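Owing to the predicted nature of the structure, the values given are computational and were not obtained by experimental measurement.
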Amino acid sequence: MNGKIVLITGTSTGMGLETALGAANAGWRVVATMRDVAKADRLRKAAESAGVGELIEVRPLDVTDPASVAECVNGVVADHGALHALINNAGSGHVGTLETDGVDVARRVMEVNFFGVLNATAAALPHLRATGGRVLTVSSVGGVIGQPFNEAYCAAKFAVEGYMEALAPVAATVGVGVTIVEPAAVASEFVANVGIPADQKEMTDRMGPYAPAAQAYLTRTAGAFANAQSAADAAAAVVAALTAERPALRVQTSDAARAFVAPKLADADGSAVFALTSPWVA
């Protein structure tokens with residue numbers, strides 16, 4: 001055990017659960033958080049099976065509630081004396097389009113995927129300054145390239161990418177590292193929570209004039225997720241960034257993710273942008 005403490009949000013399933021296991025296997029003491037701790041049994045059982053049960057503790061945290069975030073972060077520091085890393089993993093997807101969804105849906109998606117990240121990061125930063133720690137935020141290739149019928153989700157992830165890219169050189173001046181993690185399709189429960197019903201006709205029916213386009217999107221997406229990266233493989237990239245001496249600003253979790261963002265990101269790892277903006281605050 002390396003004695004370092006990492007707080008991870010959204011650990012009940014998928015990448016969050018696998019990241020918690022991976023970090024514990026790497027010797028970190030993991031504070032695994034989730035909105036509803038009644039859903040922690042799967043993580044606890046997996047941790048025991050992996051022999052890292054003593055390194056993972058579960059605490060409640062709702063990233064959309066600043067009071068919940070503050071209580072959790074302050075409690076971790078009070079109990080363990082320090083915080084060395086924050087992994088912003090909690091998030092939720094949404095499939096729809098503006099005319100049929102309305103603006104309020106976009107606000108709700110932003111609340112979880114963007115403001116939730118800011119809530120957790122703001123609470124953690126004073127403690128990460130004290131330890132020379134780091135913030136890792138799970139974004140998406142949808143934070144680089146806007147994807148049809150993912151308007152609200154991509155907008156939130158674009159916001160996360162811009163915020164963290166802008167924060168990185170500022171945080172570096174006080175010894176805190178910032179990394180953005182960009183998965184492509186990941187095989188996890190996340191897919192079941194993006195608003196695609198089992199009966200896809202239900203979705204296309206509510207799309208009105210966009211129904212033909214929605215059906216084409218659903219057909220294409222089914223194929224993409226048939227070849228999705230496993231949650232464990234995606235989490236391994238997060239843990240590698242957590243344990244690296246100097247992780248890149250941007251990390252894609254798979255060759256598929258790197259290939260997808262390549263047409264837009266000539267600076268795939270963010271080093272050129274970081275070198276450009278760091279002198280502004282030196």
* Decide side chain to side chain donor-acceptor pair (under 3.5 Å) for Thr137 and Asn88; before the verdict, give the C-alpha distance in whole Å, the side-chain angles of both, and the deciding distance to 0.1 Å. => CA-CA 5 Å; Thr137 299; Asn88 289 306; 3.1 Å; yes
Please report the shortest heavy-atom distance between [X] and [Y], naming the atom on each side.
{"X": "Ser139", "Y": "Pro183", "answer": "O-CD, 3.5 Å"}
{"X": "Gly96", "Y": "Asp101", "answer": "CA-OD2, 3.3 Å"}
{"X": "Ala20", "Y": "Ala32", "answer": "CB-CB, 4.4 Å"}
{"X": "Ala241", "Y": "Thr179", "answer": "CB-CG2, 4.3 Å"}
{"X": "Ala231", "Y": "Val186", "answer": "CA-CG1, 3.7 Å"}
{"X": "Leu98", "Y": "Glu151", "answer": "N-OE1, 3.0 Å"}

Student check: side-chain heavy atoms of [X] and [Y] closer than 4.5 Å:
{"X": "Asn74", "Y": "Val76", "result": "no"}
{"X": "Val31", "Y": "Val6", "result": "no"}
{"X": "Glu18", "Y": "Val238", "result": "no"}
{"X": "Arg134", "Y": "Leu128", "result": "no"}
{"X": "Arg129", "Y": "Pro126", "result": "yes"}
{"X": "Asn89", "Y": "Met15", "result": "yes"}
{"X": "Met34", "Y": "Leu61", "result": "no"}
{"X": "Val176", "Y": "Leu125", "result": "yes"}

Measure the spacing between [atom1] of [X] and [atom2] of [Y] and express it to the nearest 0.5 Å.
{"X": "His80", "Y": "Leu7", "atom1": "NE2", "atom2": "CG", "value": "9.5 Å"}
{"X": "Glu182", "Y": "Thr253", "atom1": "CD", "atom2": "OG1", "value": "9.0 Å"}
{"X": "Arg59", "Y": "Thr11", "atom1": "CZ", "atom2": "OG1", "value": "12.5 Å"}
{"X": "Arg35", "Y": "Ser92", "atom1": "CZ", "atom2": "OG", "value": "8.0 Å"}
{"X": "Ser271", "Y": "Leu276", "atom1": "OG", "atom2": "CG", "value": "11.5 Å"}
{"X": "Ile87", "Y": "Leu242", "atom1": "CD1", "atom2": "CG", "value": "5.0 Å"}

* Where do Arg206 and Thr100 land on the side-chain contact (heavy atoms from CB on, under 4.5 Å) test, with the steps shown first? -> CA-CA 7 Å; Arg206 64 181 167 84; Thr100 55; 5.6 Å; no
* To do: Return the orientation label for the Phe149 and Tyr217 ring planes: parallel under 30°, perpendicular over 60°, tilted otherwise.
  => tilted
* I would like to know whether His94 and Asn113 meet side chain to side chain donor-acceptor pair (under 3.5 Å); could you show each step before the answer? => CA-CA 11 Å; His94 177 76; Asn113 292 293; over 6 Å; no
Could you tell me whether a side-chain N or O of [X] sits under 3.5 Å from a main-chain N or O of [Y], the two making a donor and an acceptor?
{"X": "Arg258", "Y": "Gln252", "answer": "yes"}
{"X": "Asn150", "Y": "Pro148", "answer": "yes"}
{"X": "Ser278", "Y": "Ala275", "answer": "no"}

According to a hydrophobic-cluster definition based on side-chain heavy atoms being under 4.5 Å apart (Ile, Leu, Val, Met, Phe, Trp, Tyr only), do [X] and [Y] belong together?
{"X": "Val52", "Y": "Trp28", "result": "yes"}
{"X": "Val58", "Y": "Val30", "result": "yes"}
{"X": "Val69", "Y": "Val160", "result": "no"}
{"X": "Leu86", "Y": "Val77", "result": "yes"}
{"X": "Val117", "Y": "Val181", "result": "no"}

So does [X] have more than 12 non-hydrogen atoms from other groups sitting under 6.0 Å from [atom1]?
{"X": "Lys39", "atom1": "NZ", "answer": "no"}
{"X": "Glu71", "atom1": "CD", "answer": "no"}
{"X": "Tyr163", "atom1": "OH", "answer": "no"}

* To do: Take Asn119 and Val63 through the side-chain contact (heavy atoms from CB on, under 4.5 Å) test and state the conclusion after the steps.
  => CA-CA 6 Å; Asn119 287 337; Val63 296; 5.5 Å; no
* Structure fact -> Of Leu249, Thr277, Val178, the one forming a side-chain contact (heavy atoms from CB on, under 4.5 Å) with Pro169 is Thr277
* Would you please test Ile56 and Leu43 for side-chain contact (heavy atoms from CB on, under 4.5 Å) and show each step? => CA-CA 9 Å; Ile56 297 178; Leu43 172 59; 4.2 Å; yes
* To do: Walk me through it: do Met207 and Gln215 pass the test side-chain contact (heavy atoms from CB on, under 4.5 Å)?
  => CA-CA 10 Å; Met207 290 296 176; Gln215 186 56 63; over 6 Å; no
